[in-house]
Amino acid sequence: MRTVTYSMGVSLDGYIVGPDGRFDWTAPSEEVFRFWIDEIREVGVHLLGRRLYETMLYWETADQDQTPDELEWAALWKPLPKVVFSTTLSTVQGHARLASGSVAEEIERLRAEPGEGDIAIGGATLAAEAAALGLIDEYRTMVHPVLVGGGIPYFPRSERRVDLELVETRTFDSGVVYLRHRVAGADES
């Protein structure tokens, strides 16, 4: 069965976006960017909330005045199938489609289809919904050495306890720390 992963940059105090709406502190070093390139290679389909989808639209047309790493990322991102969850968008671009069902229905359908690669979830609101339903198999946090004091939390605020197993760590020269946790009892991939 395909693994459902939630992977985003997060401040040390647990936010993906600060109280001012900014996330410029997540700009990756060259080393971290190479890591993201390697990670996206493992993704078979990406589920996105509207805000993240709109942020990532940049990569649908990024093909000039880019570094070789940025060109490589764009070449991987553009053809990647994407499912966008939005109540306000009526159309999406590139290899994206609007979700026709709930996050649970979409994940169930994607897990039943033949295919390889992880089912990645991006966007805190969408991930919180999937987490509340027990649909996330792995949490992959790229912890940045900054305290932003508030904003949109990476982890959902709920009364639900989730036990995790640490399966991988990596520290980058920039001070960013990657933590990969598997939900205890989730199938290994």
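What you see is a predicted model; the values in this text were computed from it and never measured. No hydrogens, no waters, no symmetry mates; every other heavy atom, side chains included, goes into these values.
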Side chain proximity check, Arg161 to Asp163, heavy atoms < 4.5 angstrom: yes
Test log, rule side-chain contact (heavy atoms from CB on, under 4.5 Å), inputs Leu48 and Val83: CA-CA 6 Å; Leu48 302 96; Val83 181; over 6 Å; no
Quick one: do Thr125 and Arg51 satisfy side-chain contact (heavy atoms from CB on, under 4.5 Å)? Show the steps, please. CA-CA 10 Å; Thr125 303; Arg51 284 182 289 223; 3.3 Å; yes
Among side-chain atoms of Thr67 and Asp69, is any donor-acceptor pair under 3.5 angstrom? no
Does some side-chain heavy atom of Tyr53 sit less than 4.5 Å from a side-chain heavy atom of Gln93? yes
So which atom in Glu31 and which in Asp173 form the shortest heavy-atom distance, rounded to 0.1 Å? OE1-N, 2.9 Å
Picking from Thr3, Val4, Leu135, what satisfies side chain to side chain contact (heavy atoms under 4.5 Å, CB included) with Ile119? Val4
Straight-line distance of Asp118 CG to Glu138 CD, nearest 0.5 Å: 7.0 Å
Would you tell me whether Glu39 and Ser7 have side-chain atoms, one donor and one acceptor, within less than 3.5 Å of each other? yes
Is Ile107 close to Leu133 at the side-chain level, that is, under 4.5 Å between some pair of heavy atoms? no
Would the distance check show the side chain of His95 and the main-chain N or O of Lys78 forming a donor-acceptor pair, the cut-off being under 3.5 Å? yes
Please say yes or no: joined through hydrophobic side-chain contacts below 4.5 Å, possibly via intermediate residues, are Tyr6 and Val167 part of one cluster? no
Nearest non-hydrogen partners of Ile121 and His46, listed with the distance: C-CE1, 4.0 Å
Taking all heavy atoms of Leu147 and all of Leu12, pick out the closest pair and write down the distance. CD2-CB, 3.8 Å
Arg22 backbone acceptor or donor facing Asp20 side chain under 3.5 Å: yes
Within the side chain of Arg50, is there an N or O that forms a donor-acceptor pair under 3.5 Å with the backbone of Val84? no
Plane angle bin for Trp73 and Phe33 - parallel if under 30°, tilted between 30 and 60°, otherwise perpendicular: tilted
Go through the structure and list residues passing side-chain contact (heavy atoms from CB on, under 4.5 Å) with Glu116, not counting sequence neighbours. none
Within a reach of under 6.0 Å around CZ of Arg111, are more than 12 heavy atoms found that belong to other residues, nucleotides or ligands? yes
Examine distances only and state if a side-chain atom of Arg140 and a backbone atom of Arg180 form a donor-acceptor pair shorter than 3.5 Å. no
Describe, in one word, how the ring planes of Tyr139 and Phe155 are oriented to each other, choosing from parallel (under 30°), tilted (30 to 60°) and perpendicular (over 60°). tilted
Spacing of Trp59 atom CH2 and Leu71 atom CG [to the nearest 0.5 Å]: 8.5 Å
Beyond-backbone contact of Asp137 with Val183, side-chain heavy atoms, under 4.5 angstrom: no
From Trp25 CH2 over to Tyr15 OH, what is the distance, rounded to the nearest 0.5 angstrom? 11.0 Å
Residues Ile152 and Ala124: closest non-hydrogen pair is CG2-CB, 3.5 Å
Please give me the minimum heavy-atom distance between Leu89 and Leu98, naming the atom from each residue. O-CD1, 3.6 Å
Around Phe23, counting heavy atoms of other residues, nucleotides and ligands shown, do more than 12 lie under 6.0 Å from its CZ? no
Distance check, rounded to the nearest 0.5 Å: Leu57 atom CG versus Lys82 atom NZ? 9.0 Å
Hey, mind stepping through Arg34 and Glu30 against salt bridge (charged side-chain N to carboxylate O under 4.0 Å, His left out) and telling me if it holds? CA-CA 6 Å; Arg34 288 291 326 156; Glu30 183 177 324; over 6 Å; no
So, using side-chain contact (heavy atoms from CB on, under 4.5 Å) as the criterion, who are the partners of Val32 when residues are at least two apart? Pro28, Ser29, Trp36, Met142, Phe172, Ser174, Val176
Show the numbers, then the answer: is there a salt bridge (charged side-chain N to carboxylate O under 4.0 Å, His left out) between Arg182 and Glu168? CA-CA 9 Å; Arg182 181 179 299 120; Glu168 184 181 356; over 6 Å; no
Check against side-chain contact (heavy atoms from CB on, under 4.5 Å), Glu106 and Phe85: CA-CA 10 Å; Glu106 291 288 346; Phe85 291 80; 3.6 Å; yes
How far apart are the closest heavy atoms of His181 and Leu179, and which atoms are they? CE1-CB, 3.8 Å
Between Val45 and Arg2, is there a side-chain heavy-atom distance shorter than 4.5 Å? yes
